[in-house]
Visitor: 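One structure coming up, written as structure tokens, with questions to follow.
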Amino acid sequence: MKNEYCLHIYLDPEFNPEKLTFWKKFVSGNFSRNIIKLAKSAGLKQANTLVITSGFIENGEISYNNKLISSSEKRCCIEIIDSGENLSEFLSSNKSILKNCKTALFKLIPEEI
């Protein structure tokens, strides 16, 4: 692992791409699947969709693997790993698609430490 970074793209369950005119052309199904496809076509090293099933948000109650929560209520995180330069280029190229998402970029620590 040499200077690898991890990009997290957070999707809120209230996020509705159908409200955006661009999405009528772009989305044929799941938003996270389309982002994964974009990452693959950009030649990025790794991309995964993570569904959050436990945790809390702001002052809300803690939820632990609650099977009663519908998938539309669960938050989602897309994780993409590659070099910082490639991830910055990916973000820049897809700025209009990701404008309503929250993103975070982390530098991965080498295993030697």
Side-chain angles (χ1 to χ4, degrees):
M1 178 181 358
K2 186 175 182 181
N3 293 324
E4 286 187 332
Y5 287 77
C6 179
L7 171 65
H8 278 192
I9 302 168
Y10 297 98
L11 308 179
D12 195 299
E14 289 89 38
F15 177 70
N16 183 358
E18 291 302 322
K19 291 180 181 175
L20 306 174
T21 57
F22 177 78
W23 287 108
K24 291 180 182 176
K25 298 174 187 171
F26 182 79
V27 174
S28 60
N30 188 307
F31 177 78
S32 62
R33 285 186 198 158
N34 287 314
I35 297 300
I36 297 289
K37 288 177 185 176
L38 286 172
K40 178 74 171 172
S41 66
L44 299 179
K45 185 175 180 179
Q46 179 180 330
N48 303 294
T49 300
L50 311 170
V51 177
I52 291 82
T53 57
S54 298
F56 70 93
I57 298 170
E58 295 178 16
N59 294 323
E61 295 293 319
I62 297 174
S63 172
Y64 299 100
N65 294 318
N66 189 344
K67 304 292 184 206
L68 299 176
I69 297 175
S70 72
S71 59
S72 64
E73 294 177 292
K74 291 181 181 172
R75 293 186 182 252
C76 177
C77 172
I78 302 166
E79 178 182 80
I80 305 173
I81 296 176
D82 207 305
S83 70
E85 182 179 308
N86 289 347
L87 292 174
S88 292
E89 185 177 320
F90 180 79
L91 283 171
S92 179
S93 298
N94 297 291
K95 189 178 353 181
S96 64
I97 297 167
L98 300 171
K99 68 181 178 182
N100 293 321
C101 300
K102 294 179 183 176
T103 59
L105 188 63
F106 307 94
K107 184 174 183 179
L108 299 178
I109 301 171
E111 291 179 27
E112 301 90 48
I113 293 179

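Atoms considered below: every heavy atom in the structure, side chains included; atoms not considered: hydrogens, waters and symmetry mates.
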Visitor: For Q46, which residues count as a side chain to side chain contact (heavy atoms under 4.5 Å, CB included) partner, sequence neighbours excluded?
Guide: N48, E79, I81
Visitor: Shortest non-hydrogen contact from S83 to Y5?
Guide: C-CD1, 4.2 Å
Visitor: Look at the side chain of D82 and the backbone N and O of L87, then say whether any donor-acceptor pair between them is shorter than 3.5 Å.
Guide: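 No; zero donor-acceptor contacts below 3.5 Å.
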Visitor: Could you tell me if the side chain of I35 sits less than 4.5 Å from the side chain of I97, heavy atoms only?
Guide: yes
Visitor: Looking at OG of S93 and CG of L91, how far apart are the two atoms once the value is rounded to the nearest 0.5 Å?
Guide: 9.0 Å
Visitor: Given side chains that start at C-beta, do those of T49 and F31 come closer than 4.5 Å, heavy atoms only?
Guide: no
Visitor: CG of N94 to CG of N34: how many Å apart, nearest 0.5 Å?
Guide: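 Between atom CG of N94 and atom CG of N34 there are 11.0 Å.
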Visitor: Is S41 reaching over with its side chain to a backbone N or O of L38, donor-acceptor style, under 3.5 angstrom?
Guide: yes
Visitor: What's the separation between atom CD1 in I36 and atom CD1 in I80, rounded to the nearest 0.5 Å?
Guide: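 Spacing of CD1 (I36) from CD1 (I80) equals 6.0 Å.
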Visitor: Can you tell me how far apart OH (Y10) and CG (L50) are? Round to the nearest 0.5 Å.
Guide: 9.0 Å
Visitor: To the nearest 0.5 angstrom, please state how far the CG atom of L98 sits from the OG1 atom of T103.
Guide: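 Output value for this atom pair is 7.5 Å.
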